[in-house]
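Report on one structure; see the data block that follows.
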Amino acid sequence: MCGIVGYTGKRAAMPIILEGLKKLEYRGYDSAGISTLHHNELTHVKALGKLIALEEQLAQEPLAGSIGIGHTRWATHGKPSVPNAHPHVVGTTAIVHNGIIENYKSLRTELEAHGSQFLSETDTETVAHLLHVHRRETLLETLFAILPMIRGAYSIAAIDTRDPHTLVCVKQESPLVIGLGKNENFVASDIPALLAHTRDFIFLEDGDVAAITPESVSIYHHGQPVERPIKTVSWSPSAAEKGGYKHFMLKEIHEQPRALRDTLRGKFDGKTLQLSDLALTPQEVASIRRIQLVACGTSWHAGLVGKYYLEQIARIPVEVDIASEYRYRTKVVDSSTLVVPITQSGETADTLAALKDAKREGAKVITVCNVVDSSIVRESHGVLYTNAGPEIGVASTKAFTTQLAALYLLALFIAQEQKRLDSAAIAEHIAQLEALPAVIETVLEREEEYKNFAHTFHDYPNFLFLGRSFNFPIALEGALKLKEISYIHAEGYASGEMKHGPIALIDAQMPVVVVATASAVYDKLVSNVEEVAARDGIVVALVNDADTSWGKKAHTVFRVPEVPEMLSPIVNAVPMQFIAYYVADFKGCDVDQPRNLAKSVTVE
Ligand code: HGA
């Protein structure tokens, strides 16, 4: 997600922090800010938009001091705005934060009841107030005292006038590294920010707290001092931006467990699923009779899976439309119709136009989106954020799987509100969802198999992808992913459709990727594959670990752990991404910037 940079030493902190933030710009952000400490006084400057705006403001009001923290924000809680930008300063402390404080609402209610006055809508500000309200002798002790009160994913850096040379930080499920200098030390959410100053890093572990002065770094875990190894990094700045991965796409494939955890975070309290940003009253949810999912490209594939979720879990009829088609067809919409645009960027022109039409016709519109306060979100009545973090590779990966998780949550939420599922059933579904990141970690560990496959197959001119039921859209997505980054012609089909045309394409030169994980229609799919094999098609099967029946039928077998069928698309998408990625990489394609494509299509 966003960027944190902190400095304590003998030099002026502000330019070092600003330069560091610039090195993190590639991560995407909507606002930025810096706070420094000088002569026992905290000062800060924040600006909306690009760093140039912050830089211009700093030129007018430079910040003195040789200790400071800076931040580029990618909003998750509260729109992009100057008050919501970090640092947040309360009393003697300034903090910057990367991540999500899950229980911020209850904390905020409690703090406000005791007189704390909030200036922003962020989850982060609750931490700043907690540090103020529970202050101890030192900032470090205060941080120890408040950490048990907060839940979520966070890396936080803080400075305090009472301890004017010490930078304090904590890492929990969000990245944070310490950079080691001579009579100066640094902290940052990512290595590129600090490469101009050091190559020696300490990678903090989850739960680590550190107190950093110009001369020392002390690290604690569960309150006890611990040693962490110093690692010397030889990455080039461009490799460092990608976390050592060759492309952003590959980095983002690997970020999916984290992105899914962040999408699920803070939504279920053990009893009730709360999607408060949907801004739907219980009566409004009760009155939903039809749902229209509207999207483009990969998001449209997410919509196709979402249809299965909403119809099976919430039992509401769903149509899925390509936004550019929806715009120009007759819409039969009324106030009992829920229209759900699905968009990574929130700026897709066709989706925006489709939603405006639907609103005009009287539909309620809630958007599934990855960018806080984007144009489409602003036009919608409510929103369900995916919290995947900025996606830089043009081919969507983590945005897609988090869209699937969000649509699953939406189906559960409607079922809950319409009293179709009780609390125990919701809890069971949520537990299954929460198990997915670990399953995907297992799939990621098998990456080498896809590389080997691509080594053999990257020269084939055509591919077919087949799936059925929940995984039919995954076949479409597999084909699209391969097309867009490798320029190989690929088609996705519902396997039952083979006989109705595409089987004519099958010959010994046609790799056919079959999504064949456990399913109620598994046997049907297997007979479709037999037909492919009988015509010499090259069968490439994605099956579950326990399925040993493919030895003869398939040329290549990829395995994934078994999960409930409805959730299998979220797991099965990952092998599709790996196949596309490695085929494109072997072909030498520009994976992150495929020809003719833009990340966000803001024109019709
Ligand atoms: N949740 C905080 C911080 C989000 C973040 O990591 N930004 O880059 C917010 O919304 O301000």
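Counting starts at 1 for both ligands and their atoms, in listed order. Index from 1, following the sequence.
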Any donor-acceptor N or O pair under 3.5 Å, side chains [X], [Y]:
X      : Y      : answer
Ser375 : Glu347 : yes
Thr161 : Asn40  : no
Thr397 : Gln577 : no
Ser299 : Gln344 : no

Problem set entry | Distance filter under 4.0 Å to Trp74 heavy atoms, resulting ligand 1 atoms | 4 (C), 5 (C), 7 (N), 8 (O)
Exercise. With atoms numbered from 1 as shown, which atoms in ligand 1 lie under 4.0 angstrom from a non-hydrogen atom of Thr72?
Worked result: 8 (O)
For this session: From the options Thr122, Ile4, Asp123, select the one whose nearest heavy atom is closest to atom 2 (C) of ligand 1.
Result: Asp123
If you measure every N/O of [X] against every N/O of ligand 1, is any gap under 3.5 Å?
X     : value
His71 : no
Gly99 : yes
His77 : yes

Exercise. Does Gly382 offer a backbone N or O that forms a donor-acceptor pair with the side chain of Asp277 under 3.5 Å?
Worked result: no
Problem set entry | Contact list for residues 88-121, test ring-ring contact (aromatic ring centres under 6.0 Å, His included), sequence neighbours left out | His77-Tyr104, His86-His88, Phe118-His129
With a heavy-atom distance limit of 4.0 Å, tell me whether [X] approaches ligand 1 through its side chain, its backbone, both, or neither.
X      : result
Thr76  : both
Val372 : neither
Asn98  : both

Exercise. So do Leu355 and Val339 actually touch side chain to side chain, heavy atoms under 4.5 Å?
Worked result: no
